[in-house]
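A quick write-up on the structure given underneath.
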Amino acid sequence: MKNIIFRKLKVGQVVMFSGVVYTARDQAHKRLVELIRRGKKLPLDLRGQIIYYCGPTATPKGKEIGSCGPTTSSRMDLFVEPLLKQGLLGMIGKGRRNKLVRELIKKHKGIYFLAPAGCGAFLAKKVKSKKLVAFSDLGPEAIYSLEVKDFPLIVAIDSKGKSLYQDY
């Protein structure tokens, strides 16, 4: 269902997403891709899932999560293809992606969203629960499952490969 809805979204559209996303930054991506290359089982099924390029800060007492703003997406560009081949549906981050990533998103009918940068404390209020999924030794760069409600996103690259940054 999520795939069908996301494929209808157009570049530039604003979405208030509710559901589950998985955090992962550079080191978690490196480990996931290494597992794929070695033919090992991944710690989560990526089919139809969304990865949020985020490393939450420490969780304050009484809160679900610390500040959780997006990190620069281009650092994950070299890991996109193997994850899309595993069935990853979408990514959330900040900033432009390279041409190959745009083509891969089009090929795999994926999507890339921007989350508002510099708003980590605000975005933390949209997280209803946080659960450790894998790579706990990475601390804030571990993979967490986040249940979010009304999480504000902008479609930066739609499933047809159109990019918000194409004209810039």
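The first residue in the sequence is number 1, and the count goes up from there.
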Evaluate the side-chain proximity of Val127 to Cys68: yes if any heavy-atom separation is below 4.5 Å, no if none is.
yes

Is a donor on one side and an acceptor on the other found under 3.5 Å between the side chain of Gln13 and the backbone of Lys10?
yes

When rounded to the nearest 0.5 Å, the distance separating CZ of Arg25 from CD1 of Ile143 is 13.0 Å

Shortest non-hydrogen pair, Ala24 vs Ala28, comes out as CB-CB, 4.0 Å

Return the minimal non-hydrogen interatomic distance between Lys109 and Leu89, and the atom names on each side.
O-CD1, 4.1 Å

Less than 4.5 Å apart, side chain to side chain, heavy atoms only: is that true for Val14 and Leu153?
no

I'd like to check Leu44 versus Leu32 (side-chain heavy atoms, cut-off strictly below 4.5 Å). Are they in contact?
yes

I want to check something: taking the side chain as every heavy atom from C-beta on, are Ile36 and Leu83 in contact at a cut-off of under 4.5 Å?
yes

Do Ser159 and Lys106 pass the side chain to side chain donor-acceptor pair (under 3.5 Å) test, and can you show the C-alpha distance, the side-chain angles, and the key distance before you say yes or no?
CA-CA 5 Å; Ser159 64; Lys106 179 179 178 181; over 6 Å; no

Could you tell me which non-hydrogen atom of Leu123 sits nearest to which non-hydrogen atom of Pro70, and how far apart they are?
CD1-CD, 4.0 Å

Inter-residue atom distance Gln86.CD - Leu84.CG, 0.5 Å rounding:
10.0 Å

Quick one: are Val155 and Leu164 in side-chain contact, heavy atoms under 4.5 Å?
no

Heavy-atom pair of closest approach, residues Ala142 and Thr23
O-OG1, 3.4 Å

Qualifying ring-ring contact (aromatic ring centres under 6.0 Å, His included) pairs with a residue from residues 98-157, counting only residues at least two apart or across chains:
Phe6-Phe113, Tyr52-Phe151

Any donor-acceptor N/O pair, Thr57 side chain to Ser67 backbone, under 3.5 Å:
yes

Once side chain to side chain donor-acceptor pair (under 3.5 Å) is applied, what residue pairs with a partner in residues 33-42 remain, sequence neighbours excluded?
none

Could you state the interatomic distance from CD1 (Ile157) to CD1 (Ile105), rounded to the nearest 0.5 Å?
4.0 Å

Check whether any side-chain N or O of Glu141 sits under 3.5 Å from a backbone N or O of Gln27 as a donor-acceptor pair, and report yes or no.
yes

Given side chains that start at C-beta, do those of Pro116 and Ile154 come closer than 4.5 Å, heavy atoms only?
no

Check: Asp150 main-chain N/O paired with Ser18 side-chain donor or acceptor under 3.5 Å
yes

Same hydrophobic cluster for Leu35 and Leu78, using side-chain heavy-atom links shorter than 4.5 Å among ILVMFWY?
yes

Out of curiosity, does Val20 fall in the hydrophobic cluster containing Met91 (side-chain heavy atoms, cut-off under 4.5 Å, transitive links)?
yes

Could you walk me through whether Phe79 and Val101 pass the side-chain contact (heavy atoms from CB on, under 4.5 Å) test, one step at a time?
CA-CA 10 Å; Phe79 303 115; Val101 170; over 6 Å; no

Salt bridge between Asp158 and Lys160, side-chain N to carboxylate O under 4.0 Å?
no

May I ask you to decide if Lys94's main-chain N or O and Ser73's side chain share a donor-acceptor pair within less than 3.5 Å?
yes

Single-linkage hydrophobic cluster Leu100~Val33, side-chain heavy atoms < 4.5 angstrom
yes

Ignoring hydrogens, what is the shortest heavy-atom contact between Val21 and Phe17? Give both atom names and the distance.
CG1-CE2, 3.7 Å

Which heavy-atom pair separates Leu132 from Ser136 by the least distance, and what is that distance?
CD2-CB, 3.5 Å

Taken to the nearest 0.5 Å, the spacing of Lys126 NZ from Cys119 SG works out to 11.0 Å

Rounded to the nearest 0.5 Å, how far does CZ of Arg96 lie from OG1 of Thr72?
12.5 Å

Which residue pairs satisfy the salt bridge (charged side-chain N to carboxylate O under 4.0 Å, His left out) criterion with at least one member in residues 57-78, sequence neighbours excluded?
Asp26-Arg75, Asp77-Arg97

Considering only heavy atoms from C-beta outward, does the side chain of Lys130 approach that of Thr59 to under 4.5 Å?
yes

Could you tell me if the side chain of Val133 sits less than 4.5 Å from the side chain of Tyr22, heavy atoms only?
yes

How far does CD1 of Ile111 sit from CD1 of Ile92, to the nearest 0.5 angstrom?
10.0 Å

Is the count of non-hydrogen atoms from other residues, nucleotides or ligands lying under 6.0 Å from Lys128 atom NZ greater than 12?
yes

